[in-house]
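Remember, predicted model here, so these are calculated numbers, not experimental data. One-based numbering, in listed order, for ligands and for the atoms of each.
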Amino acid sequence: MAIDETVHQHKYLLEESEMPTAWYNIVPDLPEPPPPALHPGTLQPAGPEDFAPLFPMELILQEVSQERYIEIPGGVLDVYRQWRPSPLFRAHRLEKALGTPARIYYKYEGVSPAGSHKPNTAVPQAYYNKQAGVKKLTTETGAGQWGTALAFACALFGLECEVWQVGASFDQKPYRRMMIETFGATIHPSPSNLTEAGRRILAEHPDSTGSLGIAISEAVEVAAQNADTNYALGSVLNHVLLHQTIIGEEALLQLAKVGETPDLIVGCTGGGSNFAGLSFPFLREKLAGRMSPVIRAVEPASCPSLTKGVYAYDFGDTAGMTPLMKMHTLGHDFIPDPIHAGGLRYHGMSPLISHLYETGLIEAIAKPQRECFAAGVQFARTEGIVPAPEPTHALAAAIEEALRCKESGESKVILTALCGHGHLDMAAYDAYLSGAMQDHELDQAAVAAAVAALPPVPVG
Ligand SMILES: Cc1ncc(COP(=O)(O)O)c(C=O)c1O
């Protein structure tokens, strides 16, 4: 290949002083309100008191807020400034390799201390808990990005942190455990025999590889039993998505500097937080008629909650301890195959994202993992960043669209979230490169079996 001597602008940066100072809450702008969470006993809308054993009041108020903007506290802004504003890159070399007239932009969140977008919410969650006098936070983690982020945030604010990591990922990604311990947190593989929920699963399935739903049950159980301990969730809930909107608010400013508006926004979805974080500010602009991007979620074919799951009330965890949330779900008992994108192995989808999908404001597709890793490798060999396995799903969809543009001659603007690097996920790349990686597609019979365990709540 001949060396290209063209000098391009590759990255679009904002000054620290240009960083947005409010999070964006999409709820008041939606044409229809999202269905409320329900108390599992009364089936009535859950009130703040139902969340109070687990979360501080500031976060509960954000969870149900009707305010369009919520100011980011100074103590959070100060920590954000360590790595924010994050860069927006134009993928010139990937575009060239694809031979596409499309223009591909990626917002890179791997510059954070944990290596992903997760500190955007870990920091405010630790901040509000510290303010409320809480001593310790418990949580689940899949790939380990969220556990690392919360361990980092707890270290900054002087909180203890205890993490249950999905067993399959605990074995696949030992360096995440070490990083979490380096930040001072305690970590256990899940299911563990430290909790009632874990012991129950182990009694039935001694070889269980775990799931995010089980790990959530374990972390929630410990938080609910200890007055000085709260629980922190890394995705799914409204307040988590809210905190991530700093990504999209920055990307809007950065694209405006280039004079571009996106035709397509693609993001990977586990529980929906990086996807929401990037896309919600753009959806606000779309709802206001100022731009009209297609917004597409990409999930793994082995855990396709949006594209194959049902839209119904279900528990957020496996043991059934959380309020019921109306969401796209494969059933809270569902254990996905131990694919390498551990952060996308969640049985449900954020209620807000599910509502947007139901009301036609976003699209969704599912991708098998080998296509995603092929995209990740192509991205690494052109752009030089090894993506985390999760955003390879978004990259596969971005590349698919860019190749469509090559066919049609359209020069669409494609925007995606490169929500983390894969430096601690190299075993997954090794499995792909050695040919050992398999695809797992969930067929309709498996979906039917999975959703059979849904709680008896009207689906309507
Ligand atoms: C790098 C990365 N991307 C994406 C996800 C999926 O979560 P979400 O859909 O909330 O962004 C995770 C979850 O652990 C992750 O670590």
Under 4.0 Å from one or more heavy atoms of Thr269, ligand 1 contributes atoms 9 (O)
May I ask you to check whether over 12 heavy atoms, not counting those of Arg381, lie within 6.0 Å of atom CZ?
no
Atom 4 (C) of ligand 1 [closest protein heavy-atom partner, distance rounded to 0.1 Å]
Glu390 CB, 3.5 Å
Between ligand 1 and Gly272, can you find any atom pair, the residue atom being a heavy atom, that is separated by under 4.0 Å?
yes
Should the heavy atoms of other residues, nucleotides or ligands under 6.0 Å from CD of Glu181 be counted, would the total exceed 12?
yes
For ligand 1, which atoms have a heavy atom of Ser235 less than 4.0 angstrom away?
8 (P), 10 (O)
Going by the closest heavy atom to atom 16 (O) of ligand 1, which one wins out of Met349, Gln145, Glu109?
Gln145
Is the ring centre of Phe89 less than 6.0 Å from the ring centre of His10?
no
His117 versus ligand 1: do any nitrogen or oxygen atoms come within less than 3.5 Å of each other?
yes
Would you please indicate yes or no on a ring centroid separation below 6.0 angstrom for His347 and Phe334?
no
Looking only at the aromatic ring of each residue, does the gap between the centers of His239 and Phe55 stay below 6.0 angstrom?
yes
For ligand 1, which is the ligand I care about here, please tell me if Ser273 has any N or O atom under 3.5 Å from one of the ligand's N or O atoms.
yes
I need the atoms of ligand 1 closer than 4.0 Å to a non-hydrogen atom of Leu344, numbered in the order shown.
6 (C)
Does an N or O anywhere in Cys268 fall below 3.5 Å from an N or O of ligand 1?
no
Checking Glu383 against Tyr106: is there a side-chain donor and acceptor pair closer than 3.5 Å?
yes
Mark yes when over 12 heavy atoms from residues, nucleotides or ligands other than Arg370 sit less than 6.0 Å from its CZ; otherwise mark no.
yes
Are any of the N/O atoms in Gly271 less than 3.5 Å from those in ligand 1?
yes
Of the protein's non-hydrogen atoms, which lies at the shortest distance from atom 7 (O) of ligand 1, and what is that distance?
Lys118 NZ, 3.2 Å
Test item: side-chain donor near acceptor, Ser86 and Lys107, under 3.5 Å:
yes
Would a line drawn from the ring center of Phe280 to the ring center of Tyr24 be shorter than 6.0 Å?
no
Looking at atom 6 (C) of ligand 1, what's its closest protein heavy atom, distance included?
Gly343 O, 3.3 Å
Taking heavy atoms and a distance under 4.0 Å, where does Gln244 meet ligand 1: side chain, backbone, both or neither?
neither
Residue, atom and distance of the protein heavy atom nearest atom 3 (N) of ligand 1 read Cys419 SG, 3.1 Å
Polar-atom distance check: Trp146 versus ligand 1, any N or O pair below 3.5 Å?
no
Could you check whether Glu16 pairs with Arg84 (Lys NZ or Arg NE/NH1/NH2 to Asp/Glu carboxylate O, under 4.0 Å)?
no
Any N/O of Gly270 closer than 3.5 Å to an N/O of ligand 1?
yes
